[in-house]
Amino acid sequence: RAKQTKHTRIGLYSEELIDNIAAFVSTENRIRRALKEHEFVPHYQPQVDMNSGRIVGAEALARWHSHDRGLISPAEFIPVAEETGLIDQLGRSILTQACAQILEWQRSGIRLPVSVNISGRQFAIPGFVDQVQDIIAGTGIDPAQLELEITEQVFLEDMDEATDKLWQLRDLGVSIAIDDFGIGYSSLSYLKRLPFNTLKIDRAFTRDICDDARDVAILRAILSLSRDLRLNTIIEGVETEAQKKLLLRLGCERAQGFLFHQPLPAAELTPLLVKR
Ligand code: C2E
Ligand code: MG
Ligand code: MG
Ligand code: MG
């Protein structure tokens, strides 16, 4: 009897495992096909100066326009792309498209810094710096208009090599932002050792800011640190007027959030930039 229960348990477990593997493999195959059919495109979420509402930058966020399933969010495909190594091709495609967009804006007299997310696995590819250099040279953009967003994931493997790469990227003239700051393992010593230009505070700190004095205390500390280290600071996830007011009182000016703008296709963002 005991044997039977055990067997059943293993049976259930295996079935679930097989389902998971099947779903994973099917997503992998669909990503492969989607890459061939150019179904991945960046949308752009404006970053604003909360004092004036003026758009001062934008973050490129990958979207999958699947012909059979509609618009798919990155939470569904970025992890699979990372796990399978397809993130190399996917990340390169998003970076190339973002640079082409920077150029198009540049040509119509619009200067807008754009930041692009780089996953840990993509950053670790030996030719990554060359890849970025080739894309910049190929499109002919002003590298000062490009910012790469990385997370602390990048330093978990080989800190010295990652530091080296960051300096090489800075030498190309691009900016570096540390994304999702404050969650995970991000350590304060990174801020001293690494050549960041921008610190993006994770939206985990914005969410409860109006109800939780501890979040205000943490935010105050991060803001003061970021200022003293002469970094640009961006706060993510601003959704309400109350949050905006409080953040402005704390001296936080640059923000990204649904209160201001959702991520938009380039064609919808351009008219907003022309109006600026
Ligand atoms: P992230 O880089 O931290 O991007 C910010 C995420 O917060 C975006 O989600 C954005 O839509 C969302 N967001 C912005 N304002 C608000 C707000 O006010 N409230 C809430 N609740 N959310 C807000 P998204 O586009 O779903 O992207 C999720 C994550 O996927 C990104 O987090 C990033 O880590 C990853 N990702 C997106 N595109 C790429 C890419 O091209 N390459 C890589 N490697 N990762 C990407
Ligand atoms: Mg980001
Ligand atoms: Mg972030
Ligand atoms: Mg995030």
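Just the heavy atoms: all of them, side chains too, but no hydrogens, waters or symmetry mates, feed the values below. First listed ligand is number 1; within each ligand, the first listed atom is number 1. Quick caveat: nothing in here was measured; it's all calculated off a predicted structure. Position 1 is the first residue of the sequence, and the numbers go up from there.
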Any N/O pair [X]/ligand 1 closer than 3.5 Å:
X      : result
Asp179 : yes
Gln45  : yes
Phe258 : yes
Glu239 : yes
Arg203 : yes

State whether a side-chain donor-acceptor pair under 3.5 Å links Glu59 with Ser115.
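Looking only at side-chain atoms, Ser115 and Glu59 do not form any donor-acceptor pair under 3.5 Å.
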Let me see the working for Gln106 and Arg111 under side-chain hydrogen bond (donor to acceptor under 3.5 Å, both in side chains), right down to the final yes or no.
CA-CA 6 Å; Gln106 229 172 260; Arg111 283 182 72 83; 5.3 Å; no
What N/O/S atom of Glu149 gets nearest to the Mg ion (ligand 2)?
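In Glu149, the heteroatom (N, O or S) nearest the Mg ion (ligand 2) is OE1.
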So do the side chains of Ile178 and Thr151 get within less than 4.5 Å of each other, counting heavy atoms only?
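When only atoms from C-beta onward are counted, Thr151 and Ile178 do not touch, as no gap falls below 4.5 Å.
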Side chains of Glu236 and Asp180 in contact at under 4.5 Å (non-hydrogen atoms)
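Of all side-chain heavy-atom pairs linking Asp180 with Glu236, at least one is under 4.5 Å.
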Identify the heavy atoms of Leu166 and Ile150 that sit nearest to each other, and give their distance.
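So the two residues come closest at CD2-CD1, 3.8 Å.
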Is the closest heavy atom of [X] to ligand 1 under 4.0 Å?
X      : answer
Glu59  : yes
Pro263 : yes
Gly237 : yes
Glu82  : no

Rounded to the nearest 0.5 Å, how far does [atom2] of [Y] lie from [atom1] of [X]?
X      : Y      : atom1 : atom2 : answer
Glu253 : Asn232 : CD    : CG    : 11.0 Å
Ile176 : Leu169 : CD1   : CG    : 4.5 Å
Leu259 : Glu241 : CG    : CD    : 5.0 Å

Counting only heavy atoms closer than 4.0 Å, does ligand 1 sit against the backbone of [X], its side chain, both, or neither?
X      : value
Val116 : neither
Leu61  : both
Pro74  : side chain
Ile94  : side chain
Lys200 : neither
Gln262 : neither

In ligand 1, which numbered atoms sit nearer than 4.0 Å to a non-hydrogen atom of [X]?
X      : value
Ala62  : 37 (C), 38 (N), 39 (C), 40 (C), 41 (O)
Val238 : 18 (O)
Asp180 : 3 (O)
Ser119 : 44 (N)

Does the ring centre of His43 sit less than 6.0 Å away from the ring centre of His65?
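Close enough - the centres of the two rings lie under 6.0 Å apart.
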What class does the angle between the rings of Trp64 and Phe77 fall in, given that below 30° is parallel, 30 to 60° is tilted and above 60° is perpendicular?
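If you compare the ring of Trp64 with that of Phe77, the planes turn out perpendicular.
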Please work out whether the ring planes of Phe128 and Phe123 are parallel, tilted or perpendicular, with thresholds of 30° and 60°.
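Rings of Phe128 and Phe123: tilted, as their planes differ by 30° to 60°.
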Confirm or rule out an N/O/S atom of Asp179, from backbone or side chain, lying less than 2.8 Å from the Mg ion (ligand 2).
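Looking at Asp179, which is the residue asked about, there is an N, O or S atom under 2.8 Å from the Mg ion (ligand 2).
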Look at Ser115 and state whether any of its N, O or S atoms is less than 2.8 Å from the Mg ion (ligand 2).
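Checking the Mg ion (ligand 2) against Ser115, no N, O or S atom falls under 2.8 Å.
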Show the numbers, then the answer: is there a side-chain contact (heavy atoms from CB on, under 4.5 Å) between Arg254 and Ile235?
CA-CA 6 Å; Arg254 267 183 90 166; Ile235 183 92; over 6 Å; no
Tell me which N, O or S atom from Asp180 is the closest to the Mg ion (ligand 3).
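Closest N, O or S atom of Asp180 to the Mg ion (ligand 3): OD1.
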Which atom name does Glu236 have for its N/O/S atom nearest to the Mg ion (ligand 3)?
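When I compare the N, O and S atoms of Glu236, OE2 is nearest to the Mg ion (ligand 3).
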Would you please test Gln262 and Gln45 for side-chain contact (heavy atoms from CB on, under 4.5 Å) and show each step?
CA-CA 6 Å; Gln262 298 276 334; Gln45 186 177 33; 5.7 Å; no
I'd like to know whether CD of Glu37 has more than 12 heavy-atom contacts from other residues, nucleotides or ligands below 6.0 angstrom.
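Yes, CD of Glu37 has more than 12 neighbouring heavy atoms, counting only those of other groups under 6.0 Å.
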Phe258-Ile55 co-clustered via ILVMFWY side chain contacts under 4.5 Å
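Looking at the clustering, Ile55 is in a separate group from Phe258.
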Report, rounded to 10°, the angle at the Mg ion (ligand 2) between the two atoms OD1 (Asn117) and OE2 (Glu59).
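So the angle at the metal works out to 90°.
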